[in-house]
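For reference, the structure is listed below as structure tokens.
Quick note on labels: first sequence line is chain A, next is B, and so on, each numbered from 1.
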Amino acid sequence: MRATPEIPAVDDLPGLHGAVLSWFDEHARDLPWRGVDASPWSVMVSEFMLQQTPVARVLPVHATWLETWPTPAALAAASTGDAVRAWGRLGYPRRALRLHAAATAIVAEHGGEVPRSYEDLIALPGIGDYTAAAIASFAHGQRHVVLDTNVRRVIARVAAGQELPPRSVTAAERALAASLLPDAPADAATWNVGLMELGALVCSVASPACERCPVLDRCAWAAAGRPAYDGPARVAQTYAGTDRQCRGRLLAVVRDAEGPVALSTLEAAWAIADQRDRCLASLVEDGLLARVGPASYALP
DNA sequence: TAAACGTGGAC
DNA sequence: TGTCCAAGTTT
């Protein structure tokens with residue numbers, strides 16, 4: 001049992017809420033999954049695609065995806081290979097598989113409707129704490145703490161006076177976020193998306209535009225003179241030469257081909273034999289690729 | 001808990 | 001040019 005973490009006080013919560021809500025009303029981007037006519041499915045698809053992927057790259061794929069598969073049932077009726085191909089170059093293609101699996105589960109267990117409860121949502125493949133809370137909040141107007149990288153950074157700065165949040169979500173951080181959440185569900189939902197938008201457009205990691213910030217005069221970090229992050233250094237992720245790069249390249253060859261691809265073609269795409277073989281096997285294992293002949297591969 | 005998991009734009 | 005990193009989840 002741990003002591004209750006200290007929660008920094010915010011003296012004028014209604015004022016803070018008002019500033020963020022007004023700013024969002026004025027400056028929010030007009031994104032398709034935010035429209036009044038956006039379906040819960042549209043929101044759900046956007047949340048899958050936006051996991052670790054910038055909005056600008058999601059936009060066209062999301063539009064095509066919704067045209068092709070307007071409902072969970074439509075996606076569930078397609079092959080996983082079609083989903084992987086439509087996913088294109090968004091990255092982390094296992095998300096396409098998980099979205100397909102989630103759609104299948106929605107048809108099987110929820111009558112084809114995107115579930116409303118956090119518990120039902122987080123039980124679906126590819127949905128963790130953030131995505132479950134985001135769908136419950138944005139698609140269904142429920143009151144949930146939504147902790148994404150933007151919300152975490154904004155709260156760390158405004159309320160905790162830190163440049164960056166901890167490496168992983170802490171109890172103190174969650175308690176602080178909960179203490180800031182507006183009471184009315186509709187306001188809570190707008191607060192969540194407003195904080196995300198603020199983090200994306202103004203309160204960025206590297207060069208925050210404090211002069212455009214609606215809560216500058218309420219920001220603990222700004223008041224403290226924007227002290228640099230003093231926590232443990234973040235590990236830089238390497239990419240060149242990794243299995244991830246190898247897998248990406250191999251999958252791209254098959255994804256961009258018309259039909260099955262000969263093993264020799266894949267061999268030509270990656271020089272290091274043992275790494276290539278390992279990655280090919282893992283792609284098949286993951287269900288991203290299928291071996292369709294003695295020496296040929298295709299999307300599943 | 002840490003590491004794996006894609007991709008491409010920005011600086 | 002190389003590093004950073006963008007609405008995370010899974011194991």
_I need a per-nucleotide contact map over nucleotides 2-11 of chain C, read 5' to 3'. Cutoff is protein heavy atoms under 4.0 Å; write B for the base, S for backbone only, - otherwise._
--SBBBBSS-

_Residue whose nearest DNA chain B nucleotide is more 5′ - A:Ser207 or A:Arg247_ = A:Arg247

*Nearest-nucleotide 5' precedence on DNA chain B, A:Gly248 against A:Ser168*: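 Nearer the 5' end of the strand: A:Ser168.
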
*Should A:Glu197 and A:Arg34 count as an ion pair when the cut-off is N to O under 4.0 Å?*
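A salt bridge links A:Glu197 with A:Arg34.
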
_Presence of salt bridge, A:Arg247 and A:Asp286, under 4.0 angstrom_ = yes

*Same hydrophobic cluster for A:Tyr92 and A:Val45, using side-chain heavy-atom links shorter than 4.5 Å among ILVMFWY?*
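Looking at the clustering, A:Val45 is in a separate group from A:Tyr92.
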
*asked:* When the P atoms of C:dA7 and B:dA4 are compared, how many Å lie between them, rounded to an integer?
replied: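 B:dA4 and C:dA7 have their P atoms separated by 23 Å.
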
*Quote, to the nearest angstrom, the P distance that separates C:dT9 from B:dG8.*
23 Å

*Quick one: how far along DNA chain B does chain A reach, first to last nucleotide 5' to 3', anything under 4.0 Å to a heavy atom?*
B:dC5 to B:dG8

Can you give each donor-acceptor pair under 3.5 Å made by side-chain atoms of residues 96-106 of chain A, sequence neighbours left out, with the distance rounded to 0.1 Å?
residue  : atom : partner  : partner atom : Å
A:His100 : NE2  : A:Leu75  : O            : 3.4
A:His100 : NE2  : A:Ala78  : O            : 2.8
A:Thr104 : OG1  : A:His100 : O            : 2.9

*At under 4.0 Å between heavy atoms, what does A:Asp286 touch on the DNA or RNA strands: base, sugar-phosphate, or nothing?*
nothing

*Looking at every strand, decide which applies to A:Arg94 at a 4.0 Å heavy-atom threshold: base, sugar-phosphate, or nothing.*
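Sugar-phosphate contact only.
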
*asked:* Can you list everything that forms a salt bridge (charged side-chain N to carboxylate O under 4.0 Å, His left out) with A:Glu163? Sequence neighbours excluded, please.
replied: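 If we apply the salt bridge (charged side-chain N to carboxylate O under 4.0 Å, His left out) test to A:Glu163, skipping adjacent residues, there are no hits.
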
*Of all residues at least two apart in sequence or in a different chain, which pass the salt bridge (charged side-chain N to carboxylate O under 4.0 Å, His left out) check with A:Arg291?*
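For A:Arg291, no residue satisfies salt bridge (charged side-chain N to carboxylate O under 4.0 Å, His left out) once neighbours in sequence are set aside.
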
May I have the list of side-chain donor-acceptor pairs in residues 253-267 of chain A shorter than 3.5 Å, sequence neighbours left out?
residue  : atom : partner : partner atom : Å
A:Arg255 : NH1  : A:Gly88 : O            : 3.0

*With a 6.0 Å cut-off on ring centres, are A:Trp65 and A:Trp87 close enough?*
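Yes: the rings meet the under 6.0 Å criterion.
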
